Amino acid sequence: MDFSLQKFRKVLLFLSLPIALTSCGKASHFSYGDSAENWDQQNLATPDHEHNEDIESNTDLPDELQELGCVRANSTQVSVINSGNNLKNEFLNYCLKNTGNSSWCQQLVRPNPDSKGIFSCTYGSSQVHQLIYPDKNIWAYPIGAVQLIQKLQQQGLKVCEIYNWWRPEPYNKNVGGAAGRHPFGTSVDVRFCSSSDAIKGFDELCKYRKQGLIRAIGYYGGAGVHFGIGDKTANTWGRNCR
């Protein structure tokens, strides 16, 4: 969508200011005892609650952002991510213990740097740019992804970045993510250092899937690969396993 320079500056100015968070309807919730599969089934059985009525009624949201379709988080959704953020040190200690003090642990808790503007639009610029899934039962999935990265590195494949783990709603919707994967904390997106290494990595992941180490694999093109460690749907996309 083309914007004039003046409109573009208005959007940038707006994103630099704290965004008031509004509440609407009910939000998905879970208990710490729920498994990922159970929570997946519970939430997939109920259509996602849309917050469009809030966007339409908010007069403080510029027209440019309304046109972009940025859905703002309600107070319940913010409280969920804050409860996860309070567990940061515990999660990092768990990750370090199970990965041999891997530096990848720090990247798991950092949302995609390229989507920081959308993150701010969703949660407000005062919200810390950090996401940790608050259900400790889910933590084994990102740890499993790091362990697979380490296996690939041992084979000489170069990985440059983890750029997605948990993407709760509505942030996931705002970045155009699929509803059944990252919102449940079951998958991690990895950027290899080259497209050739990404393709080789994808082929190796196909072998790992036969061993039961991974359920879903996606190739985004370029150097991006989806590691679906606990994805409910065990499939591949973007490329076929040979």
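Just the heavy atoms: all of them, side chains too, but no hydrogens, waters or symmetry mates, feed the values below. One is the number of the first residue; the rest follow in order along the sequence. Computed from a predicted structure; not experimentally measured.
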Study note, to complete from the structure: Sorted by chain and number, sequence neighbours left out, side chain to side chain donor-acceptor pair (under 3.5 Å) with Q150 holds for none
Practice item. Output the distance between atom CZ (R72) and atom CG (N174), rounded to the nearest 0.5 Å. Key: 11.0 Å
Practice item. Could you state whether L157 and V225 fall into the same hydrophobic cluster, counting links through intermediate Ile, Leu, Val, Met, Phe, Trp or Tyr residues with side-chain heavy atoms under 4.5 angstrom apart? Key: yes
Review point. If you take all heavy atoms of I214 and G228, which pair is closest and at what distance?
Key: CG1-O, 3.7 Å
Practice item. Work out which heavy atom in E169 is nearest to a heavy atom in P183; give both atom names and the distance. Key: OE2-CG, 3.7 Å
Review point. When you measure from the side chain of Y123 to the backbone N and O of S126, does any donor-acceptor pair fall under 3.5 Å?
Key: no
Study note, to complete from the structure: One should read off an interatomic distance between Q147 CD and F227 CZ, to the nearest 0.5 angstrom, of 12.0 Å
Review point. If Ile, Leu, Val, Met, Phe, Trp and Tyr residues are connected whenever their side-chain heavy atoms lie under 4.5 Å apart, and connections chain through other members, are V175 and I162 in the same group?
Key: yes
Review point. Among all residues two or more places apart in sequence or in another chain, which pass the side chain to side chain donor-acceptor pair (under 3.5 Å) test with S79?
Key: none
Check your understanding: Do V80 and P134 have side chains that get closer than 4.5 Å, going by heavy atoms?
Key -> yes
Study note, to complete from the structure: In short, side chain to side chain donor-acceptor pair (under 3.5 Å) pairs touching residues 89-102 with sequence neighbours left out are E90-K136
Review point. For N86, which residues count as a side-chain contact (heavy atoms from CB on, under 4.5 Å) partner, sequence neighbours excluded?
Key: none
Review point. Quick one: CZ on R242 to CZ on F202, what's the gap to the nearest 0.5 Å?
Key: 10.0 Å
Review point. Does W165 reach the main-chain N or O of G185 with its side chain, forming a donor-acceptor pair under 3.5 Å?
Key: yes
Review point. Quick one: disulfide (SG to SG under 2.5 Å) pairs with a partner in residues 207-242, sequence neighbours left out?
Key: C206-C241
Point to revise | Those residues that, when tested against S196, pass side-chain contact (heavy atoms from CB on, under 4.5 Å) (two or more places apart) | key: S194
Exercise for review: Return the set of residues passing salt bridge (Lys or Arg N to Asp or Glu O under 4.0 Å) with D197 (not counting sequence neighbours), or none when no residue passes.
Suggested key: none
Check your understanding: Which distance, rounded to the nearest 0.5 Å, do you find between the OG1 of T76 and the CD1 of I81?
Key -> 12.0 Å
Exercise for review: Any pair with a residue in residues 130-178 that passes disulfide (SG to SG under 2.5 Å), sequence neighbours left out, goes on the list, sorted by first then second residue, please.
Suggested key: C160-C193
**Study point:** Nearest heavy atoms of G222 and A198, plus distance in Å
**Key:** O-CB, 3.7 Å
**Study point:** Expected output: side-chain D231 to main-chain T233 donor-acceptor under 3.5 Å
**Key:** no
Review point. Do you reckon W104 sits in the same ILVMFWY cluster as L213, going by side-chain contacts under 4.5 Å, direct or chained?
Key: yes
Check your understanding: Linking I/L/V/M/F/W/Y whenever any side-chain heavy atoms sit under 4.5 Å apart, do L96 and V188 land together?
Key -> no
Practice item. Please tell me if the side chains of Y171 and P111 come closer than 4.5 Å, counting only heavy atoms from C-beta onward. Key: yes
Review point. Knowing that exactly one of T186, L131, L108 qualifies, which makes a side-chain contact (heavy atoms from CB on, under 4.5 Å) with W166?
Key: L131
Exercise for review: Please work out whether the ring planes of H226 and W237 are parallel, tilted or perpendicular, with thresholds of 30° and 60°.
Suggested key: tilted
Review point. Heavy-atom distance under 4.5 Å between the side chains of N172 and R181, does that happen here?
Key: no
Check your understanding: Would you call I229 and L148 a side-chain contact if the rule is heavy atoms closer than 4.5 Å?
Key -> yes
**Study point:** Qualifying residues under side chain to side chain donor-acceptor pair (under 3.5 Å), relative to K207, sequence neighbours excluded
**Key:** E204
Practice item. Compare all side-chain heavy atoms of I132 with those of W139 and state whether any distance is below 4.5 angstrom. Key: yes
Point to revise | Set of residues satisfying side-chain contact (heavy atoms from CB on, under 4.5 Å) with respect to L92, sequence neighbours excluded | key: K88, C105, Q106, V109
**Study point:** Set of salt bridge (Lys or Arg N to Asp or Glu O under 4.0 Å) partners for R191, sequence neighbours left out
**Key:** E161
Review point. Linking I/L/V/M/F/W/Y whenever their side-chain heavy atoms sit closer than 4.5 Å, directly or via other members, would I199 and I217 fall into one cluster?
Key: yes
**Study point:** Straight-line distance of I149 CD1 to L152 CG, nearest 0.5 Å
**Key:** 7.5 Å
Review point. Residues in side chain to side chain donor-acceptor pair (under 3.5 Å) with Y208, at least two apart?
Key: Q155
Exercise for review: Sort out for me which residue in Q130, Q77, Q127 forms a side chain to side chain donor-acceptor pair (under 3.5 Å) with N82.
Suggested key: Q127
